[in-house]
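So the structure is just underneath, and the comments pick up after that.
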2 protein chains.
Amino acid sequence: MQNECADCVCVLRSSVNMKDCQLEMLGGNHAVVKFKKGDSIIKQGVFSTNVIFLRKGMAKIHISGPSREQIVKLVKAPTYLGLPTTFGDKINQYSVTSVIDSEVCFIDLEVFKKLLGENKDFGSYILMELCKSEMEAYRRCASRTQKQMRGNLADVLLEFSEKLFEEDEFTLPLSQSDIGNWVDAGRESINRTLSEFIQDGIIQMQGRQIKIIDKKMLKMISQNG
Amino acid sequence: MQNECADCVCVLRSSVNMKDCQLEMLGGNHAVVKFKKGDSIIKQGVFSTNVIFLRKGMAKIHISGPSREQIVKLVKAPTYLGLPTTFGDKINQYSVTSVIDSEVCFIDLEVFKKLLGENKDFGSYILMELCKSEMEAYRRCASRTQKQMRGNLADVLLEFSEKLFEEDEFTLPLSQSDIGNWVDAGRESINRTLSEFIQDGIIQMQGRQIKIIDKKMLKMISQNG
DNA sequence: AGAAATATGTGACATTTATCACAAAATAAG
DNA sequence: CTTATTTTGTGATAAATGTCACATATTTCT
């Protein structure tokens with residue numbers, strides 16, 4: 001377990017200057033846990049006593065809306081998970097579920113807070129992260145509501161290929177209903193639109209394996225869709 | 001100007017312990033400015049060099065989406081304005097416009113950052129604020145997309161009466177098109193739905209003066225609409 | 001391997017809400 | 001005070017997507 005921590009800390013070190021004693025403090029107060037695809041990492045409504053760092057894998061963040069569960073974001077390692085819900089409230093305000101096999105590091109909340117106070121760099125790094133994700137949330141929301149199906153689905157495919165997998169060929173980590181849920185569309189509509197994209201020669205698809213053929217067209221659709 | 005600052009600081013003091021020297025530092029590095037209804041306080045795309053505190057009034061936060069400007073939030077004094085956009089980037093990522101006559105305090109960004117580093121309480125207070133607003137953004141977005149017109153409009157009216165004005169009778173600070181923009185609906189739909197609410201005896205309305213008659217019904221509509 | 005549960009493909013149809021088109025009011029501007 | 005400009009009210013129509021209903025794969029579980 002001790003060696004796994006070194007990697008974990010490594011990520012922190014890369015973005016922030018941290019003293020050795022602070023690293024030790026972190027190292028001594030954490031636990032690494034593996035989650036399989038579909039496992040719940042954070043559950044809305046239960047107590048949170050740990051800061052959670054996603055070391056490997058990918059996870060969806062979802063929140064219970066008025067009529068159904070809504071996916072708000074998809075994140076990949078390495079990243080902190082649920083900072084806003086951990087700090088903002090004792091009780092988790094949203095859920096996080098792994099979408100592929102993942103590895104997570106639990107860090108004691110008090111230790112983390114202490115670190116935040118002691119290390120200015122670290123504090124402003126975390127502050128920055130929060131700012132960015134809030135801005136991101138606003139942008140996303142505006143984009144989602146102003147575009148329609150084709151545009152939103154194009155966005156999702158582009159996000160997979162450019163942000164999450166960084167390849168033009170990848171395996172969808174979400175079901176079509178999840179994608180629908182994410183972009184506020186019915187599962188059937190997603191299916192039909194995917195078929196359209198295949199028909200138009202924009203993507204190829206077998207099972208959940210997707211290959212983007214015409215990225216320019218996808219970007220066009222993303223913009224004026 | 002110096003006396004106006006005392007009030008401003010007062011708000012900070014109420015939530016955070018702050019040393020006198022820190023208060024002085026703040027006091028010496030700020031400027032109070034008045035904005036009239038409709039004036040732009042923060043403009044997306046321009047440099048930001050100040051932390052902005054809304055002392056009096058109310059403002060809308062809006063961001064340019066793919067096809068139009070989108071209102072994402074309405075805030076009332078006292079509150080910081082645009083923290084995420086000020087910290088996250090040198091360039092403002094969204095705009096803020098006053099919707100009623102307002103008073104704003106500009107605080108030098110470097111001074112504010114210094115304070116953040118020196119005063120742990122203040123730092124964690126700001127951190128907390130950011131967490132809350134991020135959570136709020138997620139909730140809002142899920143709610144907006146899952147409800148339809150009636151539900152969203154009911155939410156808006158309830159927010160006005162319970163959060164922003166804290167009265168059952170108030171003057172709408174936004175035009176019907178702005179409200180539509182805010183809840184992702186056309187101006188005409190808002191108008192028609194308002195008429196329905198009046199017809200059903202849920203609200204009374206003359207000009208922009210609104211009086212909520214049947215709050216229970218409004219809450220019902222908010223839930224299952 | 002076989003059964004049960006999920007996930008996908010596809011048609012027909014209903015519904016909500018956007019859009020267009022004007023008229024009337026209300027506000028702001030000169 | 002008169003003229004512009006912005007808001008508001010209301011009908012008719014169209015377009016996008018949700019919903020329902022099955023058939024067929026595909027995955028998961030025992």
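Atom set for the values below is all heavy atoms of this structure, side chains included, hydrogens, waters and symmetry mates excluded.
For A:R187 and C:dG11, the CZ to C1' distance is 13 Å, given to the nearest whole Å. If you measure from atom CG of A:D39 to atom P of D:dT28, you get 13 Å, rounded to the nearest angstrom. In this structure, B:L153 places its CG atom 13 Å from P of D:dT8, rounding to the nearest Å. For the pair A:I221 CD1 and D:dA16 C1', the computed distance is 16 Å after rounding to whole Å. The interatomic distance linking A:I100 (CD1) with D:dT27 (C1') rounds to 18 Å, in whole Å. One interatomic measurement links the two molecules: CE of A:M205 to P of D:dA25, which rounds to 15 Å at whole-angstrom precision. Rounded to an integer number of Å, the gap from CD of A:Q146 to P of C:dT17 is 18 Å. Put simply, NZ on A:K147 is 13 Å from P on D:dT17, counting in whole angstrom units.
Within 4.0 Å (heavy atoms only), A:D184 reaches sugar-phosphate atoms of the nucleic acid but no base atom. Looking at heavy-atom distances under 4.0 Å, A:R208 makes contact with sugar-phosphate atoms alone, never a base.
Side-chain N/O atoms of B:D155 and B:S222 include a donor and acceptor closer than 3.5 Å.
When ring centroids are compared, B:Y80 and B:F112 come within the 6.0 Å threshold.
Looking only at distances, a side-chain donor or acceptor of B:Q70 sits under 3.5 Å from a matching main-chain atom of B:N181. In this structure a side-chain-to-backbone donor-acceptor pair under 3.5 Å is present from A:T145 to A:C141.
Distance from the side chain of B:Q148 is smallest to C:dT17 among D:dT8, C:dT19, C:dT17. Proximity note for A:A185 (side chain, C-beta onward) versus C:dT8, D:dG18, D:dG9: the nearest is D:dG18. In this structure, of D:dT7, D:dT17, C:dC20, it is C:dC20 that holds the atom nearest to the side chain of B:E188.
For D:dT17, neither phosphate oxygen OP1 nor OP2 lies less than 4.0 angstrom from any side-chain nitrogen or oxygen of A:S189. Residue A:Q176 places none of its side-chain N or O atoms closer than 4.0 Å to OP1 or OP2 of C:dT6.
Classified by interplanar angle (parallel below 30°, tilted 30° to 60°, perpendicular above 60°), the ring pair A:F165/A:F160 is tilted. Using cut-offs of 30° and 60° on the angle between ring planes, the pair A:F35 and A:F106 is tilted.
Of the residues in residues 167-174 of chain B, not one places a heavy atom less than 4.0 Å from an atom of DNA chain C. Taken residue by residue, residues 190-199 of chain A places heavy atoms nearer than 4.0 Å to DNA chain D at A:R192.
Along DNA chain C, the nucleotide nearest to B:K37 and the one nearest to B:G186 differ in position, and the one closer to the 5' end is contacted by B:G186.
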side-chain hydrogen bond (donor to acceptor under 3.5 Å, both in side chains) between B:S64 and B:E69, intermediate numbers included: CA-CA 4 Å; B:S64 87; B:E69 195 75 7; 4.7 Å; no

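Salt-bridge formation is not detected for the pair B:E136/B:K132: no Lys NZ or Arg NE/NH1/NH2 atom is positioned less than 4.0 Å from an Asp or Glu carboxylate oxygen. Under 4.0 Å is where a charged nitrogen must lie from a carboxylate oxygen, and between A:K215 and A:E162 at least one such pair does.
When B:R187, B:K60, B:R208 are each tested for a salt bridge (charged side-chain N to carboxylate O under 4.0 Å, His left out) with B:D178, only one passes: B:K60.
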